[in-house]
Amino acid sequence: MWCCSPVTENGSRLSYYGLKYNYMPEILNSDVVDVNSATFGGCFLRNTSIAEVIEGLLESKSMFLNRDVLRSTYVPEYLPHRDREVEALLKILVVALRGDTPSNILIYGKTGTGKTAVTTHVGDELENVGAKRGIPCKVLYMNCEVIDTQYRLLANLARSFGKRIPMTGWPTDQVYSEFRSAVDSTEQVVVIILDEIDKLMKKGDDVLYSLSRINSTLDHAKVSLVGISNDLTFTEFLDPRVRSSLGEEEIVFPPYNADQLSDILRQRAEMAFGNESLSNEVISLCAALAAREHGDARKALDLLRVSAELAERDGSMVVHVNNVRKAQSKIESDRVEEVVVTLPTQSKLLLYGITLLDKATESMRKPSGRKIMSTGEVYRIYKRMCAVLDLDVLTQRRITELISELDMLGIVNATVVNRGRYGMTKEISLETPADHVHRMLVTDTRLQPLLDMKFNSFQAQLGM
DNA sequence: CCTCCACCGGAACGTGAGGAGT
DNA sequence: ACTCCTCACGTTCCGGTGGAGG
């Protein structure tokens, strides 16, 4: 829980949730207050009512003019350092307004390089101009991370033409023909943007094959596909026919450098804060930190937003460099926490086993000090833990897959190595400090019997 | 040079939940 | 109630893999 102590108009500190600023400095000075460990009991709202607290919070001045422009979902009128990409995309898609079929396009670029922003921006403009000129042109945006199966994609496409498709139950072919007939019901050009198209690939490329061939089965309408991916190699796994048809045109979005990120942040900061709420150093630091992570504008914006929010909660009207540092660690730990808390039980158990092995003393360590474990080692611990919890034991094959998933989520690092005579295995190490992960896992009551055990007896029981 | 270890990971298949149509 | 479908999650089978060690 985040605890703030805002300043009221007359300058006095509010006692939020009854915590008197002077009485519990250690709690208020720390970033995070653990509700369970803080002693609220006797003093809860003794001197202020919740209504008064809310009034006070609303009256306290905010440094934000507009918070939402710092969210990555916000698309500004002008996208700095993306003129070339906007122009390239426009040149390809503009033929839609002449009633022709635009070439299918594949757009590549790492996360936060402006692919989605540019594409949706261009798509919106295309629709607007089309509407003004009375040219029927429809742009549909689908995020394949959310709509991640062929059925859902086709169902959503059909629904955007007013068709009623159940959540499940129909054969995929039937949904496809519903969509096809809906599209072809009138003369129009339809541009389908498939964001994170590589996520769809995992479920097979049949739907992409069908969509890329749809024009040959249409009498009135014309369909063009725009695939967006942050994986440059994803077409390698495509059916060659789909690959050639989908990638008629390709646009690559290069990552932003630190200077470009600074420009982007300055543009947004002007809209978000208006005045001199933040120094040049803050913008440079956010830009530099994000540039280090493959020039990710999303990350830069998140950093700036969270830094400002942290500063605001401290009652400050100015963002400082130390707010950025705090924001960076908060973002990372929030990300890990979200991932760990939502893991299924078996994955949590597996991760718990990895943290225990990491804590175990006799260890082979990387130069970084991280313990390296093998799949076999982890699996043995996992099986013993299942016995303690009386859970079904998954096969090693499945566990290998779960380890790979943890690797993809960035919680562990797993690399396949060949140890010659000693066989092939994954070398697994924790990416996040074991204690940190541990604290998140203890919130799961299903793991309670394990957590109740003393570490030593636990090690003995698990044969560590 | 050949063998062998300790797995990896693809493929095919099974199971059960859950929604929709008949 | 039954059938048909998708989908998530899991299993079994089995052909690799490639370097240490004989």
Side-chain angles (χ1 to χ4, degrees), chain A residues 142-159 162-182 196-211 231 233-240 339-351 353-354 357 364 371-387 389-409 412-429 444 446 463:
Chain A
M142 298 284 148
N143 186 333
C144 304
E145 174 138 53
V146 190
I147 305 163
D148 62 347
T149 63
Q150 311 194 27
Y151 184 93
R152 283 182 205 154
L153 176 64
L154 291 170
N156 272 287
L157 288 171
R159 281 190 204 116
K163 291 276 179 181
R164 293 188 56 171
I165 312 283
M167 295 291 287
T168 63
W170 282 13
T172 313
D173 292 351
Q174 191 181 344
V175 187
Y176 174 73
S177 43
E178 281 290 316
F179 165 65
R180 208 187 56 74
S181 68
E196 314 226 23
I197 193 171
D198 43 316
K199 299 281 157 52
L200 199 62
M201 291 302 307
K202 289 176 188 153
K203 309 283 165 68
D205 52 7
D206 298 358
V207 69
L208 291 179
Y209 181 73
S210 313
L211 286 176
D231 181 3
T233 60
F234 99 97
T235 49
E236 286 173 19
F237 308 102
L238 277 177
D239 183 307
V339 170
V340 170
V341 169
T342 53
L343 285 175
T345 309
Q346 291 283 5
S347 297
K348 276 186 183 159
L349 195 59
L350 178 64
L351 183 58
I354 294 173
L357 274 172
M364 188 174 116
K371 160 106 197 239
I372 299 171
M373 298 149 250
S374 67
T375 306
E377 231 178 326
V378 171
Y379 188 61
R380 276 189 291 279
I381 294 295
Y382 160 79
K383 275 199 293 191
R384 294 203 179 107
M385 291 168 88
C386 284
L389 291 182
D390 201 19
L391 274 177
D392 289 344
V393 183
L394 300 185
T395 55
Q396 184 153 336
R397 174 73 187 85
R398 180 71 189 134
I399 290 298
T400 310
E401 219 148 72
L402 293 184
I403 292 171
S404 300
E405 281 171 24
L406 291 177
D407 178 37
M408 287 216 302
L409 291 168
V412 304
N413 189 329
T415 33
V416 179
V417 290
N418 217 304
R419 294 174 174 173
R421 174 145 264 240
Y422 306 103
M424 184 189 241
T425 186
K426 273 198 170 86
E427 278 192 350
I428 306 154
S429 62
D444 194 323
R446 287 165 295 188

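These numbers come from a predicted model, not from an experiment.
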Self-check item: A:T400 (side chain) donor-acceptor with A:Q396 (main chain) under 3.5 angstrom
Solution: yes
Quiz prompt | Letter per nucleotide, 5' to 3', of nucleotides 13-22 of chain C [B base touched, S only sugar-phosphate touched, - untouched; heavy atoms, 4.0 Å] | solution = ---BBBBBS-
Quiz item: Going by an N to O cut-off under 4.0 Å, is there a salt bridge joining A:E427 and A:K371?
Solution: no
Exercise. Provide, to the nearest angstrom, the distance between the CE atom belonging to A:M373 and the C1' atom belonging to B:dA6.
Key: 18 Å
Quiz item: Is any side-chain nitrogen or oxygen of A:T400 closer than 4.0 Å to OP1 or OP2 of B:dG9?
Solution: no
Quiz item: Given atom CG of A:L343 and atom P of C:dC9, what is their separation to the nearest angstrom?
Solution: 12 Å
Quiz item: CZ of A:R398 versus P of B:dC7: gap in Å, rounded?
Solution: 19 Å
Self-check item: A:K426 side-chain N/O to A:N413 backbone N/O, donor-acceptor pair under 3.5 Å
Solution: no
Quiz item: Separation of A:I399 atom CD1 from B:dC8 atom P, in whole Å?
Solution: 11 Å
Exercise. Whole angstrom is fine here: how far is it from CG in A:L394 over to C1' in B:dT15?
Key: 14 Å
Quiz prompt | Rounded distance in Å - OH (A:Y379) to P (C:dG10) | solution = 12 Å
Exercise. With heavy atoms under 4.0 Å as the rule, sort A:Q396 into base, sugar-phosphate or nothing.
Key: sugar-phosphate
Practice problem: Run through A:L343, A:I381, A:L402 and flag the one making a side-chain contact (heavy atoms from CB on, under 4.5 Å) with A:L350. | Solution: A:L402
Quiz item: According to a strict under-4.0 Å criterion, is A:K426 in side-chain N/O contact with OP1 or OP2 of B:dG9?
Solution: yes
Quiz item: Which part of the nucleic acid, if any, lies within contact of A:V393, taking any heavy atom under 4.0 Å across all strands shown: a base, the sugar-phosphate backbone alone, or nothing?
Solution: sugar-phosphate
Quiz item: Okay, side chain of A:T425, backbone of A:T375: is any donor-acceptor separation there less than 3.5 Å?
Solution: yes
Quiz item: What residues form a side chain to side chain donor-acceptor pair (under 3.5 Å) with A:Y382, not counting sequence neighbours?
Solution: A:Q346
Practice problem: Would you kindly give the CD-to-P distance between A:E405 and B:dG9, to the nearest whole Å? | Solution: 13 Å
Quiz item: For B:dC8, does either OP1 or OP2 sit under 4.0 Å from a side-chain N or O belonging to A:T375?
Solution: yes
Self-check item: Length of the line joining A:L402:CG and B:dC8:C1', which is rounded to integer Å
Solution: 15 Å
Self-check item: 4.5 Å side-chain heavy-atom contact, A:M424 and A:V416
Solution: yes
Exercise. For B:dA6, take OP1 and OP2 only and decide whether either is under 4.0 Å from a side-chain N or O of A:T425.
Key: no
